[in-house]
Amino acid sequence: MRSLWALCLSLIVVLAAASGAAAAPSIVEFPLPATGGSPTDLATGGDGNLWVSREGAINRVTLGGFATQFPLADANALAQGITAGPDGRLWFAEFLKFNEFGRIGLDGTFSMVPFAVQGQLQDFALGPDGNMWAAVPFGGTPRVTKFSPSGVVLADFNSGPERLPRRIVSGPGGALWLTESRDTQKFPDRVARITTSGALTEFIAPVSQFVNDIAVGPDGNLWTIETVDPTGPTLAVRTTPAGTRAQFDLAPGSNFGKIVLGPDANLWATLPQAGEIARIATNGAVDRYPLPTAGSAPGGLLSGPDGNLWVAQTKPPQLARVTPEPPGSGLGGDGAGTAGPTGASPTTAALPTTAADLEAPTVSGLRADPRTFVVGRAPTPATGVAVRRKRATTLRYTLSETATAALRIERARAGRRIRGTCRRPAKTGRKGRRCTRYTLAGTLARASHAGANAVPFSGRIGRRKLSVSRYRVTVTATDGAGNATASPPSARFRIVRR
């Protein structure tokens, strides 16, 4: 009987200890391709993969951590605010691009969408009305813009010169919720609600605080991560839909991090200056965990489709997969506005050490099948298996490894060789020997596998029909490590009248 009592007592002690603090999550880090810059935001695509906006590129990352690089046309462009759109593509903004935004298909095909009224887009959110909403803080009148699923501007709702919309989410009350930062020191930051018809309601933060990011909590409230001006502590702030605020200490240093609802029904935030992530219960209790790479400066984060939290890190560019403990383990802290016990050191799973991938993929067997064809009636499909038709052709090639293939279509034109270069003939005179020069007609991007690949090509770039003429296609393949084909092969084909 005494031994049974001792066993029960020890069990009570263990359970009491377990209820006082949350178990630490496990964290695994995965490198991103080295050729891109800092990652900014993450989104889940319709293919179940993670999509990462970063400087110079968009990355598609499998849940196993394998990344495919899709370079932007401008290697210095900073992509941000990536969000899954209503058209099945990922929408993103580019810093310092004032009249367009980008979309990328699940196959890696880019398209830039122009809009008339100048403005710097920063963040996107899919609204409850099925349209895409964007925060537009700079480059024109600060505003919130509503886009149709096809990218047409439906409405601009101005926020005034002293209010700069930064981050936006779809939230309670069938409305969009956003953060508005100060334009001058005279005006405090705000959390704002905007209805789908454009009615704006603002909730003012203390003048000393910067409102950095916003998320919708499991309690139906708005949660923001805020920093006290200029170098004060970082706070987690809970705002009810009616505007009542409660704030909780998150970290002693100023951290311009981001916040998201995690897979475990807690809020999670990044603390870039501290190199940590923080878990926040709805009662305000906080646990903080260091990331395995010291000084990694975590930024964007996402609740992934695999039940894990994914965190973007900038130093070096990589992702961290965070697996929280099972729901119901509880958090420490009293919820009275102070942080609970700091979390225990997370368990980490080291990746196997491998040599850096420095070998570029090779392309062989490139050909158009058939080489002479009539333009098809339909646009070139973004994906699919090639089939024989009376019209159109199939571009075939073989890769040495999995990579993204850029198929550059160029039209043959008459030229004159002048000083060793084939140039456009002058309107008068016939100087130089005749030669053939090539001008860009369009580019196709295709996610391709090792071995034989077949890309259906109707003779159209999108819906634009190519003219009757001679052409060539050049294929450059880029692997997940950013290595590109050194000597891209080319193949010729001809488009004829029916």
Side-chain angles (χ1 to χ4, degrees), residues 29-74 77-95 97 101-113 121-126 132-134 147 149 151 167-170 213 215 258 260-261 263 270 298-314 317-322 382-383 402-404 406 445-448 478-482:
E29 294 177 323
F30 300 95
L32 292 173
T35 52
S38 298
T40 55
D41 293 294
L42 301 93
T44 300
D47 54 358
N49 292 315
L50 310 177
W51 290 77
V52 185
S53 55
R54 58 188 301 200
E55 184 179 5
I58 302 293
N59 287 165
R60 181 181 62 207
V61 184
T62 69
L63 299 179
F66 177 79
T68 301
Q69 180 103 311
F70 299 105
L72 297 171
D74 180 359
L78 178 62
Q80 58 188 7
I82 191 165
T83 305
D87 58 350
R89 289 180 280 190
L90 286 301
W91 295 37
F92 61 93
E94 284 189 22
F95 186 61
K97 292 291 180 68
F101 65 89
R103 294 187 294 189
I104 183 171
L106 301 181
D107 62 348
T109 303
F110 285 101
S111 62
M112 301 306 295
V113 182
L121 278 64
Q122 182 161 335
D123 194 27
F124 281 108
L126 180 59
M132 205 67 153
W133 292 70
F147 292 94
R167 304 288 291 184
I168 185 167
V169 295
S170 185
D213 195 23
K258 296 182 179 179
V260 73
L261 174 60
T270 51
L301 68 173
L302 171 74
S303 183
D306 56 350
N308 294 310
L309 184 76
W310 289 81
V311 182
Q313 302 172 79
T314 61
Q318 59 185 4
L319 296 185
R321 185 181 65 202
V322 180
T383 59
T402 298
T404 300
R446 295 293 183 268
S448 305
T478 304
D479 63 17

Heavy-atom check, side chain of Leu63 versus side chain of Pro305, under 4.5 Å: yes
Side-chain donor or acceptor of Arg89 paired with backbone N/O of Leu106 under 3.5 Å: no
Carboxylate-amine/guanidinium proximity below 4.0 Å for Lys258 and Asp41: yes
Ile168 CD1 to Gln122 CD distance, which is reported to the nearest 0.5 Å: 11.5 Å
Set of side-chain hydrogen bond (donor to acceptor under 3.5 Å, both in side chains) partners for Glu55, sequence neighbours left out: none
Donor + acceptor pair across side chains of Gln69, Thr404 (<3.5 Å): no
Ring centre gap for Phe30 and Phe66 strictly below 6.0 Å: no
Where Pro39 and Val52 come nearest, the two heavy atoms and their spacing: CB-CG1, 3.7 Å
Side-chain heavy-atom pair Thr402, Ser448 within 4.5 angstrom cut-off: no
Test side-chain hydrogen bond (donor to acceptor under 3.5 Å, both in side chains) applied to Asp47 - qualifying residues, sequence neighbours left out: Asn49, Trp51
Whether Thr40 side chain and Ser53 backbone form a donor-acceptor pair below 3.5 Å: yes
Least distance between heavy atoms, Arg167 atom then Asp123 atom: CA-OD2, 3.4 Å
Polar side-chain atom of Thr83 near backbone of Phe124 as donor-acceptor pair, under 3.5 Å: yes
Crowding at CZ, Phe110 (>12 non-hydrogen neighbours, <6.0 Å): yes
Stepwise side-chain contact (heavy atoms from CB on, under 4.5 Å) test for Asp306 and Arg321: CA-CA 10 Å; Asp306 56 350; Arg321 185 181 65 202; 4.1 Å; yes
Working for side-chain contact (heavy atoms from CB on, under 4.5 Å), residues Val260 and Leu302: CA-CA 7 Å; Val260 73; Leu302 171 74; 5.8 Å; no
Thr35 side chain vs Pro33 backbone, donor-acceptor pair below 3.5 Å: no
Closest heavy-atom pair and its distance - Leu90, Gly45: CD2-CA, 4.2 Å
Asp213 vs Thr270, side-chain contact (heavy atoms from CB on, under 4.5 Å): CA-CA, chis, key distance, verdict: CA-CA 10 Å; Asp213 195 23; Thr270 51; over 6 Å; no
Whether Phe147 and Trp91 hold their rings parallel, tilted or perpendicular, with breakpoints at 30° and 60°: perpendicular
Minimum-distance pair of heavy atoms, taken over all atoms of Leu78 and Ser38: CD1-O, 4.3 Å
Beyond-backbone contact of Leu319 with Gln313, side-chain heavy atoms, under 4.5 angstrom: no
Thr109 side chain to Ala445 backbone, donor-acceptor under 3.5 Å: yes
Closest approach of Leu72 to Glu94 (non-hydrogen atoms, all atoms of both residues): CD2-OE2, 3.9 Å
Nearest heavy-atom neighbours spanning Pro298 and Val311: CB-CG1, 3.7 Å
Residues Thr68, Asn59; criterion side-chain contact (heavy atoms from CB on, under 4.5 Å); working and verdict: CA-CA 6 Å; Thr68 301; Asn59 287 165; over 6 Å; no
Heavy-atom side-chain contact between Trp310 and Val322 under 4.5 Å: no
Gap separating the CZ atom of Phe92 from the NZ atom of Lys97, nearest 0.5 angstrom: 8.5 Å
